[in-house]
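Given the structure is predicted, the values throughout are model-derived calculations rather than measurements.
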Amino acid sequence: MKGILIFLVVFGILVFVHEFGHFVVAKKCGILVREFSIGMGPKLFQVRRNPTTYTIRWLPLGGYVRLASKDDDTTLAPGMRVVLQLNQQKEVVRIDASESDVPIAGIPLQITKVDLVDALLISGYENGEEDKLVTYHVNHDATIIDQSKTELIIAPRDTQFQEANVWQKLATNVAGPLMNIILGFVVFLIWTFTVPGPATTTIAEVLPNSPAANAQIEPGSQIKAVNGHKINSFAQISTAINNSKGKKVTVTLTKDAQKKTVTIKPNPVEVQGQKVYQIGIGAKGDERIGAKFKRGWDTAVSTTGLIFQAVGGLFRHFSLNKLSGPVGIYSQTSQVSQMGFTYILAFLAMISINLGIVNLIPIPGLDGGKFLLNIIEIFRGKPISENHEAMVELIGFGLLLILIIAVTGNDIYRYFIK
């Protein structure tokens, strides 16, 4: 149960931050955000703050942003029965298309013609009287209550995503992945302050009966060199000791301005199924704020680099085992949840950066695919035709769906069957 809750929190944060990136940049670019939802599924709560409707939904799985678009699914059609609410200028300011048993107070209308994009007109028969055809002008900022009883502002053409310039569309498309990458960096900077400071070359403890103890190494000593090679970090010490493969090494130390060199034979130790060599010392942590901040930043940068390498390797040598979907993330989250809060933080940061980078891959169906179309539009000087763009998107979504099914099946086999 704990693993499921942590998975929902991690997955929810990743999707929410991604969509929040699209939301913020779209609003800055003048693109109408009709709805910003926290969660998925049936609506639990809604509040409208012009011009966006904010909703909370039952399933705690991230959220979504609903931009004004020609493909928006809130449509009215001839024959539908709605209720219109007018202002003092006889303009329609509210349309109830929910077919609710308790509609808003207003004028019942059976639609014969409607245009909420360009002309902003709605025509029909009032109160079902077929001899009373009327036409009303619809206010630019009117709202419509859809069949799910969610009230949204209408989407005139000038507010739609397609009408924004190419740079605004580009910024909106890449904002989600970039927010995930930024989140990863921020979480790594938080993580670094929840664990002991980065290891220094100063020894904090010497294990009893260890090679270091037998060589009379004392806590407080600082390691300067191993086998004559200058040491600048504890990682270099570990690497040098492990590379010895059990052969004797010479270690140069200083303490209280006194310098000495000792010869030590590392012991083999089993760590996570692998044989490593150690001399039995623990490093003193650097608790300075600057040192911790640098470690968090460096960890985020190195993680980003490793993920880019992994993505490149995926294209050179494709394998489903190199990919993970929600099932794989759930399994990994369950394992990490048993290790403690700091591991969960590091895992969240890594997954967030990974999600951001993968979403920037120029494949139709991903944000990177939309970004690629924006780049093509910049070079062409005009957008790709709607038919061609729709075909590319359809093919991309089809291939992406096949890949998701394959990855999910492979994850189930790897983590729960094999």
Side-chain angles (χ1 to χ4, degrees), residues 15-16 18-38 40 43 46 48-55 57 62-77 80 95 97-98 114-122 138-148 150-177 179 359 363-378 382-398 400-401:
V15 178
F16 173 80
H18 182 95
E19 296 300 332
F20 186 72
H22 291 310
F23 168 74
V24 171
V25 175
K27 287 181 75 73
K28 288 289 185 182
C29 291
I31 300 168
L32 175 63
V33 181
R34 303 186 71 200
E35 180 185 2
F36 182 74
S37 173
I38 299 175
M40 306 289 282
K43 182 178 81 246
Q46 74 173 21
R48 195 165 67 85
R49 294 288 182 267
N50 281 332
T52 303
T53 298
Y54 299 88
T55 57
R57 298 182 179 271
Y64 62 85
V65 169
R66 192 169 173 178
L67 302 179
S69 165
K70 62 181 177 61
D71 300 319
D72 196 286
D73 57 3
T74 303
T75 56
L76 301 178
M80 288 183 63
I95 306 170
S98 66
V114 62
D115 184 351
L116 301 181
V117 176
D118 294 308
L120 299 184
L121 296 173
I122 185 168
V138 181
N139 187 277
H140 183 276
D141 298 323
T143 61
I144 179 170
I145 304 173
D146 64 20
Q147 293 188 343
S148 70
T150 302
E151 186 169 4
L152 305 169
I153 192 170
I154 63 173
R157 187 174 300 279
D158 63 295
T159 67
Q160 293 183 2
F161 177 80
Q162 290 81 5
E163 298 304 308
N165 68 51
V166 64
W167 295 104
Q168 292 170 329
K169 290 187 287 188
L170 185 151
T172 301
N173 286 329
V174 302
M179 277 295 289
N359 256 286
I363 297 176
L366 299 178
D367 290 320
K370 299 174 184 177
F371 173 73
L372 179 60
L373 293 178
N374 296 147
I375 296 298
I376 293 173
E377 180 178 343
I378 290 172
K382 60 181 180 178
I384 296 173
S385 70
E386 291 185 3
N387 290 337
H388 289 162
E389 183 176 348
M391 184 181 300
V392 170
E393 289 288 338
L394 182 63
I395 294 172
F397 275 115
L400 199 58
L401 181 60

Taking only residues two or more places apart in sequence or in another chain, which ones pass side chain to side chain contact (heavy atoms under 4.5 Å, CB included) with Asp118? Asp115, Arg157
Under the side chain to side chain contact (heavy atoms under 4.5 Å, CB included) test, residues paired with Val25 that sit two or more places apart: Cys29, Ala171, Thr172, Ala175
Trace of the side-chain contact (heavy atoms from CB on, under 4.5 Å) decision for Asn173 with Leu373: CA-CA 10 Å; Asn173 286 329; Leu373 293 178; over 6 Å; no
In the structure I gave you, are the side-chain heavy atoms of Leu366 and Phe371 within less than 4.5 Å of one another anywhere? no
Quick one, Thr159 with His140, criterion side-chain contact (heavy atoms from CB on, under 4.5 Å). Give me CA distance, side-chain angles, the key distance, then yes/no. CA-CA 10 Å; Thr159 67; His140 183 276; 3.9 Å; yes
Taking it one step at a time, do Ile38 and Tyr54 satisfy side-chain contact (heavy atoms from CB on, under 4.5 Å)? CA-CA 8 Å; Ile38 299 175; Tyr54 299 88; over 6 Å; no
As a quick check of understanding, evaluate side-chain contact (heavy atoms from CB on, under 4.5 Å) for Ile144 and Arg34, giving each step before the final call. CA-CA 11 Å; Ile144 179 170; Arg34 303 186 71 200; 3.7 Å; yes
To the nearest 0.5 Å, atom CD of Gln160 lies from atom OG of Ser69 at 6.0 Å
Looking at Gln147 and Ala97, what are the two nearest heavy atoms and their distance? CG-O, 3.6 Å
Rounded to the nearest 0.5 Å, what separates atom CD1 in Ile95 from atom OG1 in Thr143? 8.0 Å
By side chain to side chain contact (heavy atoms under 4.5 Å, CB included), Pro51 pairs with (sequence neighbours left out) Lys27, Leu32, Ile153
Do Asn374 and Val174 come close enough that some side-chain heavy atom pair is under 4.5 Å? no
For the atom pair NZ (Lys28) and CZ (Phe23), what is the distance rounded to the nearest 0.5 Å? 10.5 Å
Please check if atom CZ in Phe161 has more than 12 non-hydrogen atoms from other residues, nucleotides or ligands closer than 6.0 Å. yes
Nearest 0.5 Å, please: how far is CG in Asp146 from CD in Glu151? 9.5 Å
Among Leu121, Val114, Ile122, which residue meets the side chain to side chain contact (heavy atoms under 4.5 Å, CB included) test with Val138? Ile122
From the options Thr53, Thr52, Thr55, select the one residue that forms a side-chain hydrogen bond (donor to acceptor under 3.5 Å, both in side chains) with Glu35. Thr55
Report the residues that fulfil side chain to side chain contact (heavy atoms under 4.5 Å, CB included) with Glu19, sequence neighbours left out, ordered by chain and then residue number. Val15, His22, Phe36, Val65
Inter-residue atom distance Asp367.CG - Leu170.CG, 0.5 Å rounding: 11.0 Å
Check side-chain hydrogen bond (donor to acceptor under 3.5 Å, both in side chains) between Gln46 and all other residues, then give those that pass, not counting sequence neighbours. none
Counterpart residues, side-chain hydrogen bond (donor to acceptor under 3.5 Å, both in side chains), relative to Glu163 (two or more places apart): none
Could you tell me if Asn50 and Asp141 have a donor-acceptor pair between their side chains, going purely by distance under 3.5 Å? no
